[in-house]
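As the structure is a prediction and not an experimental result, all values here were calculated from the model.
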Number of protein chains: 2
Amino acid sequence: MADDAEKLRADARANRDRILDAAREALAADPEASLHSIAKAAGVGQGTLYRHFATREALALGVYRKDVDAMVALAPGLLARQPPLQAFRSWCDRFAQYGRRKRAIANIVHAAMTEQDVRETYWPMVDAVRRLMAACEGSGEIAPGADPEDFLQLLGCMMQIAPTPEGEARARRLLALAFRGLGAKE
Amino acid sequence: MADDAEKLRADARANRDRILDAAREALAADPEASLHSIAKAAGVGQGTLYRHFATREALALGVYRKDVDAMVALAPGLLARQPPLQAFRSWCDRFAQYGRRKRAIANIVHAAMTEQDVRETYWPMVDAVRRLMAACEGSGEIAPGADPEDFLQLLGCMMQIAPTPEGEARARRLLALAFRGLGAKE
DNA sequence: GATAAAAACGGACACTTATCCGTTTGCGGG
DNA sequence: CCCGCAAACGGATAAGTGTCCGTTTTTATC
């Protein structure tokens, strides 16, 4: 879990932390802050930033990993407290909405599905979906056989919708459509 | 229809055409050719290129407009030759697949849904979907009430999938899921 | 504590997108 | 014909991303 930042030289580790701190602050102020400016704010050269985080998404992942993990960890709790289908629905709803609000998260999800170096993040998310789907299949609330990865791709799509009122409405409709596609009873 | 390039000064028009020619060739060779290099190949300054086409997508649209129009124009023909649902399915399939193959098209569709200056392209596409959907509703093959724009967003999503064998398979599954979501009979 | 190899640093550099603005040019009215 | 000016040009310029490589620092070893 804490496999990043392992076996790093002391100075490297310190720099990594300073970059993450600077990035957290800079990205909060402006989600598209330049990597250059983040490096400067962290007091390191650009080379150092890029060595630690090869892409903007990798950096965002460093900053938001806790959030992503929390999202993933939410699934079991929901399943314990609600009927499977309801848990599945509300998890998807929250996840997609979170991505719509924090653009960086949406980009992480998208990158996770396509780029190699962020791919490790992918599996916990797929797994959360898999559990939720399996529970729903078990209770007969959705048709069996759907692919969790497929569905995650769909969620990624819904994160790209703007968080305007109309956007939210569209996302709700699309999520409903996706659930009907899974064979969910109304 | 040919409302672009209207009322342009003679030299401007000539430059526009040369840019489009150069872009067509350059983009065919490398879909991510730099706009700079395209300007140079066309023998114009960068300023000229950007004045004619404000963004990469706008340029791509200039180059591929005929293709997009052809895609849109395909719908009525399909409806005339096949049962509505089958026509709808095959249109979506072709459209999404085409986008997967020609990344520029996918970007155009995505830009059309979000950016202002490409938005005009959006409506003919929405309209094609609307006609197909209406025909299916009319024949009772899908449930009424779905929003064409919603569905187009979904198609845009399927264009972002890589055109690998697995990607194609996933796209097929997702399209099937979307149709079930619309209430289509198998 | 000296030392050498590995690890990490950081800024210069190459390339791209996008804008700005002084200069040139086509074209309709005199 | 030519003249003025709006239209168009095009390159300099700013700002961002990502890489490369000579230099510095850490750390393991003696």
Treating [X] as the side-chain partner and [Y] as the backbone partner, does any N or O pair qualify as donor plus acceptor under 3.5 Å?
| X | Y | result |
| --- | --- | --- |
| W91(B) | M71(B) | yes |
| E137(B) | G145(B) | yes |
| T48(B) | V44(B) | no |

Task: Span of DNA chain D in contact with chain A (heavy atoms, under 4.0 Å) - done: dG16(D) to dT27(D)
Task: Ion pair check, D69(B) and K66(B), cut-off under 4.0 Å - done: no
So do [Y] and [X] actually touch side chain to side chain, heavy atoms under 4.5 Å?
| X | Y | result |
| --- | --- | --- |
| L35(A) | Q46(A) | no |
| M125(B) | F95(B) | yes |
| L152(B) | Y122(B) | yes |

TODO: Within residues 33-54 of chain B, find the residues that approach DNA chain D with a heavy atom at under 4.0 Å, and present them sorted by residue number.
DONE: V44(B), G45(B), Q46(B), G47(B), T48(B), R51(B), H52(B)
Open item on the list: Centroid separation under 6.0 Å, is that true for the rings of Y98(B) and Y64(B)?
Closed with: no
Open item on the list: Rounded to whole Å, how long is the line connecting atom CZ of R9(B) with atom P of dT25(C)?
Closed with: 10 Å
